[in-house]
2 protein chains.
Amino acid sequence: MKNILVLGAGLSSSSLIRYLLENSVENDWKVCIVDQDIDMVQSKIDGHINGKAMSFNAIYAEQRRPEIEKADLVISMLPARFHVPIAEDCITYKTDLITPSYISEEMRELDEKAKEAGIVIMNEIGVDPGIDHMSAMKIIHEIKERGGKLTSFKSFTGGLIAPESDNNPWNYKFTWNPRNVVLAGQGGAASFLRNGRHKYIPYNRLFGRLENITIDGYGDFVGYANRNSLSYRETYGIEDIPTIFRGTLRRPGYCKAWDIFIELGMTDDSYSMENTANLTPRTFLNSFLPYNPSRPVEDKFKDFIREDRMDSFERFEWLGLFKDEPIVGIENATPAQVLQKILVDKLSLEEGDKDMLVMVHEFEYELNGEKSQITSHMVNIGEDQIYTSMSNTVGLPTAICAKMILNGTLKSKGVTLPVQKEVYTPILEELEKFDIRFVEKELALN
Amino acid sequence: MKNILVLGAGLSSSSLIRYLLENSVENDWKVCIVDQDIDMVQSKIDGHINGKAMSFNAIYAEQRRPEIEKADLVISMLPARFHVPIAEDCITYKTDLITPSYISEEMRELDEKAKEAGIVIMNEIGVDPGIDHMSAMKIIHEIKERGGKLTSFKSFTGGLIAPESDNNPWNYKFTWNPRNVVLAGQGGAASFLRNGRHKYIPYNRLFGRLENITIDGYGDFVGYANRNSLSYRETYGIEDIPTIFRGTLRRPGYCKAWDIFIELGMTDDSYSMENTANLTPRTFLNSFLPYNPSRPVEDKFKDFIREDRMDSFERFEWLGLFKDEPIVGIENATPAQVLQKILVDKLSLEEGDKDMLVMVHEFEYELNGEKSQITSHMVNIGEDQIYTSMSNTVGLPTAICAKMILNGTLKSKGVTLPVQKEVYTPILEELEKFDIRFVEKELALN
């Protein structure tokens with residue numbers, strides 16, 4: 001019997017754990033799941049004969065090491081900052097490791113040691129990063145094999161609300177960590193390439209410079225630039241590409257309105273405001289608007305957003321930003337924390353709501369003097385509030401990769417990510433059974 | 001003979017050194033001046049019999065300590081981060097210390113030890129901080145002595161170009177460290193109080209929310225908010241004041257245009273741009289504008305600044321931002337470094353130019369049911385490019401304070417700043433001899 005050790009049983013682990021348990025009898029797996037919250041682990045194992053619940057804090061080396069030593073494969077669903085020490089243990093005990101997180105510089109430096117130990121440390125195998133790499137590399141490899149020259153690559157991903165549950169003027173609900181949504185785009189300008197020209201978008205312009213995307217049957221989206229697109233050139237082996245852009249998808253009105261939060265200063269997480277225990281949404285908003293003894297907050301806010309953004313006004317009104325009732329439960333809060341509280345009260349998933357994961361790639365290439373475009377998109381709707389689309393798209397590629405490592409079909413060693421055909425082909429194929437499916441279209445460009 | 005040790009002989013020390021040497025014979029002072037650049041020290045001493053030039057790096061304890069031990073008073077004109085270890089040495093050797101810099105938290109913690117050693121560590125005794133404290137406290141104390149209740153305090157300072165040298169559309173030239181000017185306002189929202197309401201201005205709105213100031217004979221200025229105004233309530237003993245605001249002065253068009261730099265992302269110092277060695281002002285600007293294969297940079301820039309800011313266009317044109325000639329001498333530069341290079345080429349002082357220091361306070365108070373306003377302003381023009389207004393207004397209060405410590409008229413001990421009458425009265429009086437003079441006006445408010 002092979003032992004799988006899963007570290008972390010939170011939101012993002014539900015679909016992973018279900019897949020591993022459902023496939024455990026056929027494959028002869030024992031699935032040991034660790035979380036500080038033993039009740040959560042037990043509810044996810046749900047009495048399955050091959051599941052074993054354990055409760056300890058995996059950040060403590062002396063607690064996790066005996067379990068890593070016993071395991072044939074470790075899957076770490078912990079926050080990214082904990083992965084490196086776990087990877088070092090996996091090298092010591094020659095145990096393969098999977099994480100869905102971005103490869104850090106420190107992780108990359110373990111490549112040689114991992115190869116010496118004969119193990120694979122597979123990273124970036126969730127949805128974004130993960131499915132984006134795999135579905136893009138499939139098409140990039142196909143274009144190269146046909147002798148084509150890739151001239152443009154744009155890629156967009158968004159975790160959104162399913163159309164049937166989309167019932168507010170923001171066309172958005174939190175389907176993932178709200179804090180990350182509030183702070184999205186902070187920490188450096190976004191950078192990308194357009195026709196050989198380096199472009200930079202500072203945080204304060206990020207939600208004002210958008211790419212328009214339409215998906216048949218799903219309507220209009222916009223994409224705002226996602227951090228540093230340039231590093232993907234090396235990862236994807238497309239170093240000379242003149243246009244590369246990665247973006248995050250939202251429904252159109254969301255970004256235009258979110259831009260106003262940023263311009264007001266409400267997403268700032270760098271300082272604590274005064275007297276936040278007594279704040280109301282109205283006094284919170286007013287603290288970012290100029291003083292005027294004779295003009296109500298509504299009018300000052302209209303002055304601020306200017307005529308061209310007036311269609312966003314109702315979104316703020318709907319959030320209750322002009323209400324003068326206390327915001328419960330925040331002291332010494334940063335503006336971002338107050339904003340998060342206001343948003344979570346209005347933009348959380350309701351009973352029966354489903355989430356939606358949308359991914360779109362746009363490629364342009366030249367072959368025999370002809371220019372063509374390939375688009376590839378995937379829209380996936382969640383099952384419910386446990387097996388969300390986010391949980392499925394993060395957890396299933398991770399789980400399928402685990403199967404491939406344990407049954408010996410994945411041969412890679414060292415610190416890697418899923419950009420090789422032998423890795424992505426079986427994963428993309430199996431994902432289609434779970435309705436995680438890309439629709440590709442090709443058309444000639446004039 | 002009393003020994004004065006001056007650490008640092010840079011730009012800001014010229015007027016300080018001149019005062020100390022000119023008063024050294026009458027007061028029996030020996031003035032020992034230390035800088036790594038011995039030629040600069042010697043040019044400032046200019047053969048004066050009581051001046052002694054030394055060349056060492058004062059940040060090395062073993063080099064500075066013997067000199068601190070010999071001295072009766074140390075004046076540190078080094079960057080603020082070096083003051084605390086020097087203060088610790090001064091405590092060890094029981095030597096008084098003056099610095100024009102803001103009191104750091106670590107400096108404040110030395111108060112008890114300084115008192116035990118029987119020394120004074122006088123800080124914030126340049127212009128801003130320094131003359132601002134002294135000139136404001138004079139009026140605050142006068143209002144309190146008359147039984148008035150202060151309801152509003154606004155204070156503005158600006159290092160600008162003198163009207164006779166003001167010959168560019170920015171109405172600005174660098175009279176101080178250009179890097180600090182380019183990065184001004186970064187590192188947290190500005191916060192202040194208006195009529196009891198806490199107000200916050202994020203960096204991206206800082207140069208768009210301005211206070212208007214007019215000074216008879218000097219025309220119009222605008223003030224943008226300067227960091228955290230709230231801490232001044234405790235320093236000035238005006239904890240309950242409902243309105244407090246500190247600002248930095250510029251000529252009106254400057255801020256409106258600078259706001260565009262910030263919105264573009266050109267003042268960002270947090271990342272290095274690609275290929276900066278090959279940048280031109282035009283490609284630099286274009287890298288912050290959207291890609292458009294058929295629209296020239298000038299038109300894209302006009303789209304960006306919008307109709308209401310079109311009067312700023314000529315300021316950018318005058319800077320040469322649309323020129324396609326290489327910017328010499330920058331590799332791996334941040335946007336802020338590239339911008340600084342472009343600005344320094346156009347906005348530096350020219351032969352014969354003079355600088356100007358402007359300070360304005362506005363007080364409102366209530367007495368016997370009547371509301372009144374007091375304004376107090378000081379405009380000082382520099383002598384030349386060595387004895388600038390900046391050098392005079394920083395160096396002279398420091399030098400006068402030195403005299404008061406050495407002749408025993410300043411009795412304070414411990415870590416302090418010039419907010420007491422016994423300190424500011426003689427300094428403000430003597431500054432008038434150097435044409436650093438406040439003009440006060442009082443008028444009744446309806």
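All figures in this text were calculated on a predicted structure; none of them were measured in a lab. Throughout, protein chains are lettered first and strands after them, A, B, ... in sequence-line order, and every chain is numbered starting at 1.
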**Atom group of A:Phe192 that falls short of 4.5 Å from chain B, counting heavy atoms** = neither

**Request:** With a 4.5 angstrom heavy-atom cut-off, could you sort out which part of B:Leu230 is near chain A: side chain, backbone, both or neither?
**Result:** side chain

**Asked** Quick one: do A:Arg309 and A:Asp259 make a salt bridge, cutoff under 4.0 Å?
**Response** yes

**Part of B:Tyr271 within contact of chain A (heavy atom distance under 4.5 Å)** = side chain

**Message:** Would you say that more than 12 heavy atoms from the other residues, nucleotides or ligands in this model lie under 6.0 Å from the CD of B:Glu298, or not?
**Reply:** yes

**Message:** Taking the basic N atoms (NZ, or NE/NH1/NH2) and the acidic carboxylate oxygens, is any pair closer than 4.0 Å for B:Glu364 and B:Lys371?
**Reply:** no

**Request:** Can you tell which part of A:Arg209 gets under 4.5 Å to a heavy atom of chain B, answering side chain, backbone, both or neither?
**Result:** side chain

**Prompt:** Between the main-chain N or O of B:Gly253 and the side-chain N or O of B:Trp170, is there a donor-acceptor pair closer than 3.5 Å?
**Reply:** no

**Leading residue by heavy atom contact count with chain B [cutoff under 4.5 Å; candidates A:Pro290, A:Ala189, A:Ser191, A:Pro335]** = A:Pro290

**Prompt:** Which bit of A:Tyr200 is near chain B, if near means a heavy-atom gap under 4.5 Å: side chain, backbone, both or neither?
**Reply:** both

**Complete:** Of A:Ile201, A:Thr283, A:Asn286, the largest count of non-hydrogen pairs under 4.5 angstrom with chain B goes to A:Asn286

**Prompt:** When you look at B:Arg306 and A:Asp308, which way does the salt bridge (charged side-chain N to carboxylate O under 4.0 Å, His left out) test go after all the steps?
**Reply:** CA-CA 11 Å; B:Arg306 297 193 310 269; A:Asp308 58 310; 6.0 Å; no

**Message:** Looking at chain A, which one of B:Asn275, B:Asn195, B:Leu264, B:Ile262 has the largest number of heavy-atom pairs inside 4.5 Å, strictly under?
**Reply:** B:Asn195

**Asked** Side chain, backbone, both or neither: which part of B:Phe284 has a heavy atom under 4.5 Å from chain A?
**Response** neither

**Message:** Strictly below 4.0 Å, N to O, side chains only: are A:Arg295 and A:Asp303 in salt-bridge contact?
**Reply:** yes

**Prompt:** Can you tell me if CZ on B:Arg194 sees more than 12 non-hydrogen neighbours from other groups inside 6.0 Å?
**Reply:** yes

**Prompt:** Who among A:Pro202, A:Ser270, A:Ser287, A:Pro293 has the most heavy-atom pairs with chain B under 4.5 Å?
**Reply:** A:Ser287

**Request:** Assess the pair B:Phe301 and B:Phe316: is the distance between their ring centroids shorter than 6.0 Å?
**Result:** yes

**Asked** Where on A:Met266 is there a heavy atom nearer than 4.5 Å to chain B: the side chain, the backbone, both, or neither?
**Response** neither

